[in-house]
Amino acid sequence: MIERLYSSEINPSMHGREVSVAGWVHEIRKLGGIAFVVLRDREGFVQITMPKKEVSRDVFKGLTSLSKESVVVVKGVVRAEPKAPNGYEIIPKEYRLLSRAEQPLPLDPTGKVKANLDTRLDNRFIDLRKHEIMAIFKIRSEVLHFAREFFRSRGFIEVHTPRIISTSSEGGAELFPVAYFEKEAFLAQSPQLYKQMLMATGMDKVFEIATYFRAEEHDTVWHLNEITAIDSEIAFIESEEDVMEVIENLVYYIMKNLSESYEKELKKLGVEIYPQKPPFPRIEYKRALEILEENGYILPYGEDLTTEAEKKLGEVMKDEGYDLYFITKYPIKIKPFYTMPEENGLSRAFDLEFKGREIVSGSQRIHEYELLVKMIKAKGLRVESFENYLKAFRYGMPPHGGFGMGLERFIMQLLNLKNIREAVLFPRDRKRLEP
RNA sequence: GCCCUGGUGGUGUAGCGGCUAUCAUUCGGGACUGUCACUCCCGAGACUCGGGUUCAAAUCCCGACCAGGGCGCCA
């Protein structure tokens with residue numbers, strides 16, 4: 001490794017010490033007899049100061065004539081200096097150019113000139129050089145870290161189910177076909193059927209950080225064709241209430257830890273997180289319609305909430321002091337076949353809403369073979385194509401339930417991003433397959 | 001898939017029948033010893049594509065392509 005310190009690892013008390021720093025040339029300011037080169041690394045910025053009389057001619061000339069965004073490693077002496085941005089600066093002795101950046105740049109990494117999201121995504125590697133953009137992905141990494149920590153502390157086993165499957169997981173959603181030798185196969189739209197099958201193994205509690213592929217031609221700030229989900233399935237539950245208890249504690253755990261230990265990154269994004277303590281409010285579907293009606297939105301019973309209605313409900317709940325709340329007891333007819341039905345045409349399915357948008361969907365599942373077959377038929381699906389799944393229900397299947405949480409949606413709502421694409425390094429949507 | 005809006009230097013913009021096409025940033029050259037969006041001087045760089053209307057089109061009309069937003073579906 002090239003020996004160096006991050007900008008954040010140096011401080012004024014190291015005055016007089018010789019150090020090496022490496023990074024991208026962020027800015028160069030020449031003032032005649034003195035020049036400043038600002039280097040950017042992962043953690044921040046470091047100012048290289050060059051009074052003409054204190055550095056060699058070669059170093060002065062070399063560093064001040066670099067093209068912006070070139071990568072260099074600079075060796076020099078730390079000087080405590082109140083006038084410098086971090087309270088210290090580095091007087092260079094020697095430097096090495098590791099990579100010269102071409103000009104002009106396709107995007108301004110200093111953020112002086114704002115770029116469209118499309119331009120940014122086309123040049124994502126430069127876009128990510130902006131610390132506030134990189135912060136999104138540092139936070140994303142932490143969300144997954146805390147999620148794993150939470151699940152492990154509760155005895156969940158992390159699993160991986162196939163991404164290449166032979167038939168539709170749930171019907172409904174469109175699948176991407178792939179050529180699989182002499183057979184036709186598809187990219188998995190979710191781990192749903194596999195994680196349920198694992199409930200017949202005695203693993204009891206599993207989770208998976210899964211990629212979902214959706215071939216739907218949606219085109220919004222809220223949909224992607226390749227997404228990441230935090231998926232989980234839990235056996236021996238009494239009802240969907242046991243699943244919701246896990247979710248609210250998971251979300252609280254993530255938000256609480258982020259707000260406590262990740263203040264710096266959140267500040268870069270101008271975001272404050274207010275962890276909402278469990279239990280989160282439960283609003284039955286029927287009650288949600290009533291609340292909407294009281295606010296002027298009349299929706300037909302038995303249909304999913306429209307986007308507008310969902311947002312309105314979000315505003316109403318916000319006024320009551322809640323960002324997070326469950327909508328429960330959905331009509332069975334708008335939920336997938338594996339959902340546990342209840343009396344009166346209802347079901348044990350729920351969604352978790354975050355600032356007026358759905359981020360989690362879950363339910364208690366059917367664990368009785370006969371009922372499951374009946375529901376598959378009722379949805380007009382072919383029982384034969386679910387044979388391998390159904391088999392797991394004939395030889396001892398405990399009651400169970402689970403959920404899937406859209407990671408990008410969670411990040412988007414958490415950080416108040418305007419477009420879900422901002423929460424993915426290299427998003428895949430209806431039109432974008434590159435980079 | 002449907003509806004609305006828009007495509008001007010590398011990037012972001014102004015202009016909306018006749019301009020040498022605006023401004024910022026950027027890039028090249030020069031001056032400057034404490035900058036931190038340094039400042040100042042000189043220079044470089046653009047009207048998405050194809051038809052049409054007109055004496056004249058970046059500007060109006062049609063189409064294509066691309067993009068942004070909304071809806072539906074979902075996580």
Side-chain angles (χ1 to χ4, degrees), chain A residues 26-38 45-55 60 64-65 67-69 79 81-87 89 91 101-123 126-127 170-174 189-192 210-231 247 303-311 334-336 351-354 357-362 403-413 418-421 423-424 429-432:
Chain A
H26 187 71
E27 270 176 318
I28 299 172
R29 282 189 273 273
K30 291 202 278 185
L31 282 81
I34 189 167
F36 304 94
V37 173
V38 179
F45 300 96
V46 53
Q47 176 168 288
I48 313 293
T49 302
M50 291 176 284
K52 221 168 200 168
K53 289 177 185 162
E54 296 183 49
V55 300
F60 187 92
T64 53
S65 60
S67 62
K68 282 186 189 171
E69 295 304 309
R79 177 193 282 175
E81 173 56 71
K83 279 180 277 187
N86 302 332
E89 59 195 12
I91 314 299
E102 279 180 32
Q103 297 293 339
L105 299 160
L107 191 67
D108 168 28
T110 68
K112 274 183 228 164
V113 180
K114 292 243 181 307
N116 292 321
L117 182 59
D118 194 47
T119 310
R120 291 171 43 204
L121 293 176
D122 280 342
N123 302 282
I126 294 183
D127 187 42
E170 312 174 24
E174 301 285 324
Q189 59 157 198
S190 88
Q192 182 60 36
T211 307
Y212 291 16
F213 300 95
R214 300 282 166 96
E216 284 136 21
E217 297 194 2
H218 33 51
D219 198 1
T220 76
V221 293
W222 185 238
H223 292 86
L224 291 166
N225 293 293
E226 182 181 60
I227 63 174
T228 305
I230 298 174
D231 249 281
I247 295 168
E303 281 173 36
D304 226 334
L305 304 184
T306 62
T307 305
E308 198 187 9
E310 221 178 332
K311 282 182 191 162
I334 55 171
K335 288 292 165 184
D351 288 344
L352 176 65
E353 302 276 321
F354 188 12
R357 296 264 207 182
E358 173 191 344
I359 61 161
V360 176
S361 201
F403 67 92
M405 172 163 125
L407 178 64
E408 289 83 9
R409 287 190 173 182
F410 178 65
I411 303 279
M412 180 180 172
Q413 294 305 82
K418 292 212 169 67
N419 193 313
I420 198 164
R421 289 161 183 79
V424 192
D429 63 32
R430 178 68 186 85
K431 287 165 185 168
R432 183 175 287 278

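All values below come from the heavy atoms of this structure, side chains included, with hydrogens, waters and symmetry mates left out.
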Interatomic spacing from OG in A/Ser361 to CD in A/Gln192 - rounded to 0.5 Å:
9.5 Å
At what distance, to the nearest 0.5 angstrom, does NE2 of A/His223 lie from CG of A/Asp429?
12.0 Å
Rounded distance (Å) that lies between atom [atom2] of [N] and atom [atom1] of [X]:
X	N	atom1	atom2	value
A/Lys52	B/U35	NZ	P	18 Å
A/Leu107	B/C27	CG	P	14 Å
A/Asp118	B/U48	CG	P	16 Å
A/Asp127	B/U11	CG	P	14 Å
A/Arg430	B/C2	CZ	C1'	14 Å
A/Lys114	B/U26	NZ	P	15 Å
A/Ile28	B/G28	CD1	C1'	14 Å
A/Lys112	B/C27	NZ	C1'	13 Å

Does any part of the side chain of A/Pro109, heavy atoms only, come nearer than 4.5 Å to the side chain of A/His26, both counted from C-beta?
no
Check every strand shown and say whether [X] touches a base, only sugar-phosphate, or nothing at a heavy-atom separation below 4.0 Å.
X	answer
A/Lys53	base
A/Ala84	base
A/Ala115	sugar-phosphate
A/Leu407	nothing
A/Glu408	nothing
A/Pro106	sugar-phosphate

Taking atom [atom1] in both [N] and [M], compute the distance separating them and give it to the nearest angstrom.
N	M	atom1	result
B/C71	B/A14	C1'	33 Å
B/U20	B/U35	P	43 Å
B/U48	B/C42	C1'	33 Å
B/G43	B/G34	C1'	29 Å
B/U39	B/C61	C1'	49 Å
B/G70	B/A64	C1'	24 Å
B/C73	B/A37	C1'	45 Å
B/A46	B/C40	P	25 Å

Looking at the side chain of [X], which of [options] is the nearest nucleotide?
X	options	answer
A/Ile34	B/U26, B/U33, B/U25	B/U33
A/Pro104	B/G10, B/U33, B/G34	B/G10
A/Lys30	B/C32, B/U25, B/G68	B/C32
A/Leu31	B/C27, B/U35, B/G12	B/U35

B/G12 phosphate, OP1 or OP2, under 4.0 Å from A/Asn116 side-chain N/O
yes
Any A/Ser361 side-chain nitrogen or oxygen under 4.0 Å from OP1 or OP2 of B/A75
yes
I'd like to know if the side chain of [X] and the backbone of [Y] have a donor-acceptor N/O pair within less than 3.5 Å.
X	Y	value
A/Arg214	A/Gln189	yes
A/Gln413	A/Phe354	yes
A/Glu216	A/Asn225	no

With a 3.5 Å limit on both atom pairs, tell me what [N] is paired to, counting Watson-Crick and G-U wobble, or say none.
N	value
B/C19	none
B/A14	none
B/U53	none
B/C2	B/G70
B/C65	B/G7
B/A58	none
B/U39	B/A31

How do A/Glu89 and A/Ile359 order along RNA chain B: which one's closest nucleotide is nearer the 5' end?
A/Glu89
Measure distances between side-chain N and O atoms of A/Lys68 and base N and O atoms of B/U26, and say whether any donor-acceptor pair falls under 3.5 Å.
no
Donor-acceptor pair under 3.5 Å: do we get one between A/Gln103's side chain and the base of B/U26?
no
Could you work out, with side-chain contact (heavy atoms from CB on, under 4.5 Å) as the rule, every residue matching A/Leu107, not counting sequence neighbours?
A/Ala115, A/Thr119, A/Arg120, A/Asn123, A/Ile126, A/Asp127
Sequence neighbours left out, what passes side-chain contact (heavy atoms from CB on, under 4.5 Å) with A/Thr306? Give chain and number order.
A/Leu299, A/Glu308, A/Ala309
Identify each atom pair where a protein N or O and an N or O of nucleotides 69-74 of chain B are less than 3.5 Å apart, giving names and distance.
unit_1 : atom_1 : unit_2   : atom_2 : d
B/G69  : OP1    : A/Asn419 : ND2    : 3.2
B/G72  : OP1    : A/Thr307 : N      : 3.4
B/G72  : OP2    : A/Thr307 : OG1    : 2.4
B/C73  : N3     : A/His223 : NE2    : 2.6
B/C73  : N4     : A/His223 : NE2    : 3.0
B/C74  : O2'    : A/Arg214 : NH1    : 2.6
B/C74  : O2     : A/His223 : NE2    : 3.3
B/C74  : O2     : A/Arg409 : NH1    : 3.4
B/C74  : O2     : A/Arg409 : NH2    : 2.5
B/C74  : N3     : A/His223 : NE2    : 3.4
B/C74  : N3     : A/Arg409 : NH2    : 3.1

Sequence neighbours excluded, which residues qualify as salt bridge (Lys or Arg N to Asp or Glu O under 4.0 Å) partners of A/Lys68?
none
Taken in chain and number order and not counting sequence neighbours, the residues that satisfy salt bridge (Lys or Arg N to Asp or Glu O under 4.0 Å) with A/Glu89 are A/Arg79
Test side chain to side chain donor-acceptor pair (under 3.5 Å) applied to A/Glu353 - qualifying residues, sequence neighbours left out:
none
